[in-house]
Undergrad: 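The structure that follows is given in the form of structure tokens.
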Amino acid sequence: MVNDIIADSLTRIRNASMRRLESTTLYYAKIVVSILEVFKNKGFVKEYSVTEKDGKQSILVQLAYDERGKSVINEIKRISKPGRRVYKARSELKRFKNGYGTIVVSTSKGVVSNDEAYSANVGGEALCSIW
């Protein structure tokens, strides 16, 4: 039983990235799929697919590496936790790590990156950051 499925997913991605694994498997949740879509659009993961085995769904994530074999993920962190929710206004979402990083935000328009939330003029719960 996992209490915080987002933190578990980020930890699995972080650990697989440090070990330079080709792919990793995550528990299925719609919010995790939404976060992975943002990661894929920003180039932090190559591909992901939802698979089903024995009636249980899981997500297979293929990690991205540069031409030297170094992981494109330097740091991946959970911001808003079940014990302490963190909300950010539109003005606080302008840039992260000089544009090299991304904050994943859950807004009324869905789960989007900080750039998309800023241009859509909405704030929301800051789920995680990656760079």
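Position 1 is the first residue of the sequence, and the numbers go up from there. Scope of the values below: all heavy atoms of this structure, side chains included, with no hydrogens, waters or symmetry mates.
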Undergrad: Verify the cluster assignment for Phe44 and Ile13: are they in a single hydrophobic cluster under the rule of side-chain heavy atoms below 4.5 Å apart?
TA: yes
Undergrad: Would you indicate whether the side-chain heavy atoms of Ser108 and Val122 approach each other to under 4.5 Å?
TA: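 Answer yes - side chains close enough.
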Undergrad: Are Ile35 and Ile103 connected in a single hydrophobic cluster, I mean Ile/Leu/Val/Met/Phe/Trp/Tyr linked by side-chain heavy atoms less than 4.5 Å apart?
TA: no
Undergrad: Main chain of Ile5, side chain of Ser9: is a donor-acceptor contact present, judged purely on distance under 3.5 Å?
TA: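 Confirmed, Ser9 side chain pairs with Ile5 backbone.
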Undergrad: Mind checking what makes side-chain hydrogen bond (donor to acceptor under 3.5 Å, both in side chains) contact with Asn15, not counting sequence neighbours?
TA: none
Undergrad: Taking a hydrophobic cluster as the set of Ile, Leu, Val, Met, Phe, Trp and Tyr residues connected by side-chain heavy atoms closer than 4.5 Å, whether directly or through intermediates, do Val38 and Tyr87 fall within one such cluster?
TA: no
Undergrad: Going by the rule side-chain hydrogen bond (donor to acceptor under 3.5 Å, both in side chains), which residues pair with Ser80 if we only count those two or more places apart in sequence or in a different chain?
TA: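 side-chain hydrogen bond (donor to acceptor under 3.5 Å, both in side chains) list for Ser80, sorted by chain: Glu125.
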Undergrad: Would you give the length of the straight line joining atom CD1 of Ile79 to atom SG of Cys128, rounded to the nearest 0.5 angstrom?
TA: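 That separation rounds to 7.0 Å.
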Undergrad: Ignoring hydrogens, what is the shortest heavy-atom contact between Val72 and Gly43? Give both atom names and the distance.
TA: CG2-O, 3.7 Å
Undergrad: Does any part of the side chain of Ser113, heavy atoms only, come nearer than 4.5 Å to the side chain of Lys42, both counted from C-beta?
TA: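 Yes - at least one pair of side-chain heavy atoms lies under 4.5 Å apart.
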Undergrad: Does Tyr28 reach the side chain of Lys56, with side-chain heavy atoms less than 4.5 Å apart?
TA: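 No, too far: nothing below the 4.5 Å cut-off.
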Undergrad: Does the side chain of Phe39 come within less than 4.5 Å of Ser34's, by heavy atoms?
TA: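 No, too far: nothing below the 4.5 Å cut-off.
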Undergrad: Within the structure provided, determine whether Lys40 and Glu47 are in side-chain contact (heavy-atom separation under 4.5 Å).
TA: yes
Undergrad: Search all heavy atoms of Gly123 against all heavy atoms of Leu93 and return the closest pair with its distance.
TA: CA-CD1, 4.1 Å
Undergrad: Compare all side-chain heavy atoms of Leu36 with those of Leu26 and state whether any distance is below 4.5 angstrom.
TA: yes
Undergrad: If we only count heavy atoms from C-beta on, is the Ile31 to Leu127 side-chain gap below 4.5 Å?
TA: yes
Undergrad: Looking at every non-hydrogen atom in both residues, tell me the closest pair between Ser17 and Leu63 and how far apart they are.
TA: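 Shortest heavy-atom contact: N-CD1, 3.7 Å.
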Undergrad: Kindly work out whether a path of hydrophobic side-chain contacts (I/L/V/M/F/W/Y, heavy atoms less than 4.5 Å apart) joins Val61 to Val33.
TA: yes
Undergrad: Quick one: do Arg68 and Asp66 make a salt bridge, cutoff under 4.0 Å?
TA: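 The answer is yes: the pair qualifies as a salt bridge.
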Undergrad: If you draw a 6.0 Å radius around CZ in Arg85, do more than 12 non-hydrogen atoms from other residues or ligands fall strictly inside?
TA: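 Yes.
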Undergrad: Are side-chain heavy atoms of Ile59 and Thr25 found at a separation under 4.5 Å?
TA: no
Undergrad: Considering only NZ, NE, NH1 and NH2 on the basic side and carboxylate oxygens on the acidic side, decide whether Arg78 and Asp8 come within less than 4.0 Å.
TA: no
Undergrad: If you draw a 6.0 Å radius around CD in Glu52, do more than 12 non-hydrogen atoms from other residues or ligands fall strictly inside?
TA: yes
Undergrad: Tell me if the OH atom of Tyr65 is crowded by more than 12 foreign heavy atoms within 6.0 Å.
TA: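 Yes, OH of Tyr65 has more than 12 neighbouring heavy atoms, counting only those of other groups under 6.0 Å.
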Undergrad: Same hydrophobic cluster for Leu10 and Val50, using side-chain heavy-atom links shorter than 4.5 Å among ILVMFWY?
TA: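 Yes, Leu10 connects to Val50 through the hydrophobic network.
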Undergrad: Measuring from Arg12:CZ to Leu21:CG, what's the distance to the nearest 0.5 Å?
TA: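 These two atoms lie 12.5 Å from each other.
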Undergrad: Are Tyr27 and Gln57 close enough that a side-chain donor and a side-chain acceptor fall under 3.5 Å?
TA: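 There is no such pair (donor and acceptor under 3.5 Å, judged by atom type) between the side chains of Tyr27 and Gln57.
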Undergrad: According to the side-chain hydrogen bond (donor to acceptor under 3.5 Å, both in side chains) rule, which pairs have a member within residues 88-102, sequence neighbours left out?
TA: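 For residues 88-102: Arg90-Asn121.
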